[in-house]
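Written out below as structure tokens is the structure these notes cover.
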There are 2 protein chains.
Amino acid sequence: MASGAEGIVLLDHGSGGRATHQLLREVFFEAFERSPELLDAALLEDLQGPLAFTTDSFVVSPLFFPGGDIGSLAVHGTANDLAMVGAEPLFLSCGFILEEGFSLRDLRKVVRSMAEAARALGIHIVCGDTKVVPRGKGDGLYLNTAGLGRLLRSPAPHPSRIRPGDRVLVSGPVGDHGLAVLAAREGLPLKGLRSDSAPVWPLVKPLLEVLGEDLHALRDPTRGGLATTINELAEESGTLIYLDEAAIPVRPEVRGGAEILGLDPLYLACEGRFVAVVSASRAAEALDLLRGLAGGEGAALIGEVREAASRPLVVLRTRVGGERILPVLTGEPLPRIC
Amino acid sequence: MASGAEGIVLLDHGSGGRATHQLLREVFFEAFERSPELLDAALLEDLQGPLAFTTDSFVVSPLFFPGGDIGSLAVHGTANDLAMVGAEPLFLSCGFILEEGFSLRDLRKVVRSMAEAARALGIHIVCGDTKVVPRGKGDGLYLNTAGLGRLLRSPAPHPSRIRPGDRVLVSGPVGDHGLAVLAAREGLPLKGLRSDSAPVWPLVKPLLEVLGEDLHALRDPTRGGLATTINELAEESGTLIYLDEAAIPVRPEVRGGAEILGLDPLYLACEGRFVAVVSASRAAEALDLLRGLAGGEGAALIGEVREAASRPLVVLRTRVGGERILPVLTGEPLPRIC
């Protein structure tokens, strides 16, 4: 292409003319294994409902971090949102907003990473769009993905189905993604940090199939971390959720790093974990199931649902045996982690 | 909200915590008439295929321009892409990338404008996402919409169905959007310019219904303008497309303004027009049909399809009676018009 294999993004790449077509052919179509057909919309002839539809924009900084990059993250993030309503992730769109001057080499890396993440998950990237903004009006690359999935079962898991007595599970240790991105951005000398960015559908699908109606709700603890997610579930179900801090899995490297920085791991984002609320009678079975699956080895039973007294609430039984209210994230400890 | 009704976007609004929830409730849910339920994905239980799926990011500058704004444009642009494959626009996602410091008043205006454009078209905005980037890393607001539609008929119109002998129609005058945005951005003292941003489905639907298989291809001349769009159709069908410059409708204000700026209206973007390629035997009927519909009064028959000689090509018969090759847009006359 005009700007060379190791070149940069030019404003002309966003004009819709020859340079745009070249960029599409030489960077996107090759990686996504699509013929260079410029249809306005992708045709999904065989797709049957009921369906789920979601979108997420990604503005993570830095673009590349231990355990992932904005490309794989944009696939996992949106696919995981589909999984959280019990939908099999099937199709993705991608919208790139490129800053003039961004390295085409890095763009190729991101696009390849997206393509690999999609292939690994069996999801198809079927449509896309590329815009270019002038230098100083972006930050290299912002990326939107919208996702379409098919509900595995209907009705889908939903917070309104949460009942007092239910048990709360998490699929693995929390906080890795948020701390790994923060450390990479700030150049912090913390060891052993790595994003947990991963697709959760391989764990969610068997859970849906085995538990059926006893799987009441799912939610992934992304922005705002586990504490905020559990608060959302309490709020939306009108319950009190009681968590046992000692039971919440946090890797020692994350616990240590967060302590040094004065952060609480319960507010650090995950991008490859989920919370499941299940009937008490099936909790042990659900936990065994998750622990027996690749990627679910660190699953844990972390709490239970109770009747709310005056209002929905999350209460944490602390390691030292006390109890405190665990609020939603307020303030802004961790911007641009997704 | 914390920053006041006339306040600004703060980094905290993107944290995923309390401030994000407030922003969603107070700005988005109200305008989009959704209950403040924070499901990870929207459920489309009743949707049946065959479907079409598309995405577009909008980085237009300025955000507000005569005849529209980034909100209405993001609805029309994506809905029109669905219409171009013969699909009824049904559902939209929206992804906002806000710059820290952006006016909440302007955000409300954009969101209301989106909601109105969606209501007018009968399309539902069912899921969304909001991210905040620091000052100097954006330009107020970037907006992505992905769209989902149902094919009215299958097989959909497709450039591969274009045949020598077919006629080429355009649904109205071209170039208004591109020139109106450029003039607004540069503060040019040109009179009578107004974006053509509008949904095309109300014209496309009857055309599909009446012409059936005789409607061979559709494409909207957005970035790159009519000239680039016709080149894409020639390329994808392996034909020569012969256009009659005198027949191409261009409003006098657009022709005059473009002349002053040294621009060719055939390369200026439209956001509410489309090109239709139809069987010769139905061309007059198609033209009458369009002209009889609100918004189609300015439709015109502008050319015909011929056998390509050595390669696909667009040839323009000029006003003075000569012939010249009409190439794809090269260079960058008009950045950030969508």
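What's counted below: heavy atoms across the whole structure, side chains too, no hydrogens, waters or symmetry copies. The shown structure was predicted, so the numbers you read here are calculated from the model rather than taken from an experiment. In what follows, every chain begins at residue 1, and chains take the letters A, B, ... in the order their sequences are listed.
Contact of B:Asn144 with chain A is made through the side chain alone, with heavy-atom distances under 4.5 Å. Looking at B:Cys94, the atoms closer than 4.5 Å to chain A (heavy atoms on both sides) all sit in the backbone: N, CA, C or O. If you measure heavy-atom distances from B:Ser57 to chain A, the contacts under 4.5 Å come from both the backbone and the side chain. Using a 4.5 Å cut-off between heavy atoms, B:Leu233 does not touch chain A at all. Heavy atoms closer than 4.5 Å to chain A are found nowhere in B:Thr229, neither backbone nor side chain. For B:Leu43, the parts lying under 4.5 angstrom from a heavy atom of chain A are both the backbone and the side chain. Neither the backbone nor the side chain of B:Ile337 comes within contact range of chain A; no heavy atoms are under 4.5 Å apart. Proximity to chain A (any heavy atom under 4.5 Å) is shown, for B:Leu51, by both the backbone and the side chain. With a 4.5 angstrom heavy-atom cutoff, A:Leu92 touches chain B only via backbone atoms.
For A:Asp129, the salt bridge (charged side-chain N to carboxylate O under 4.0 Å, His left out) partners two or more places apart in sequence, or in a different chain, are A:Lys131, B:Arg223. B:Pro199 is linked by a side-chain contact (heavy atoms from CB on, under 4.5 Å) to B:His76, B:Asn80, B:Leu121, B:Pro202, counting only residues two or more places apart in sequence or in another chain.
Most heavy-atom pairs under 4.5 Å with chain B, from the set A:Thr20, A:Thr78, A:Leu218, A:Leu148: that is A:Leu148. Put simply, of B:Pro134, B:Ser61, B:Ala83, the one with the most heavy-atom pairs under 4.5 Å next to chain A is B:Pro134. Counting heavy-atom pairs closer than 4.5 Å to chain A, the top-ranked of the candidates B:Asp220, B:Leu44, B:Val328, B:Leu82 is B:Leu44. Most heavy-atom pairs under 4.5 Å with chain B: of the set A:Leu47, A:Thr54, A:Leu151, A:Thr130, this distinction falls to A:Thr54. Looking only at heavy-atom pairs under 4.5 Å with chain A, the residue among B:Ser93, B:Gly95, B:Ala87, B:Gly224 that has the most is B:Ser93. Listed options A:Val133, A:Thr145, A:Thr222, A:Asn231 were ranked by heavy-atom pairs under 4.5 angstrom with chain B; first place goes to A:Val133.
Shortest non-hydrogen contact noted between A:Phe53 and B:Cys127 is O-SG, 3.5 Å.
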Would B:Glu232 and A:His21 count as a side chain to side chain contact (heavy atoms under 4.5 Å, CB included) if you check the C-alpha gap in whole Å, the side-chain angles of each, and the deciding distance to 0.1 Å?
-> CA-CA 10 Å; B:Glu232 290 172 9; A:His21 292 181; 3.0 Å; yes

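Around the CZ atom of B:Arg150, the shell of radius 6.0 Å holds no more than 12 heavy atoms that belong to other residues, nucleotides or ligands. More than 12 non-hydrogen atoms from other residues, nucleotides or ligands lie less than 6.0 angstrom from CD of B:Glu88.
Under the 4.5 Å side-chain criterion, counting only non-hydrogen atoms from C-beta, B:Lys137 is in contact with A:Arg336.
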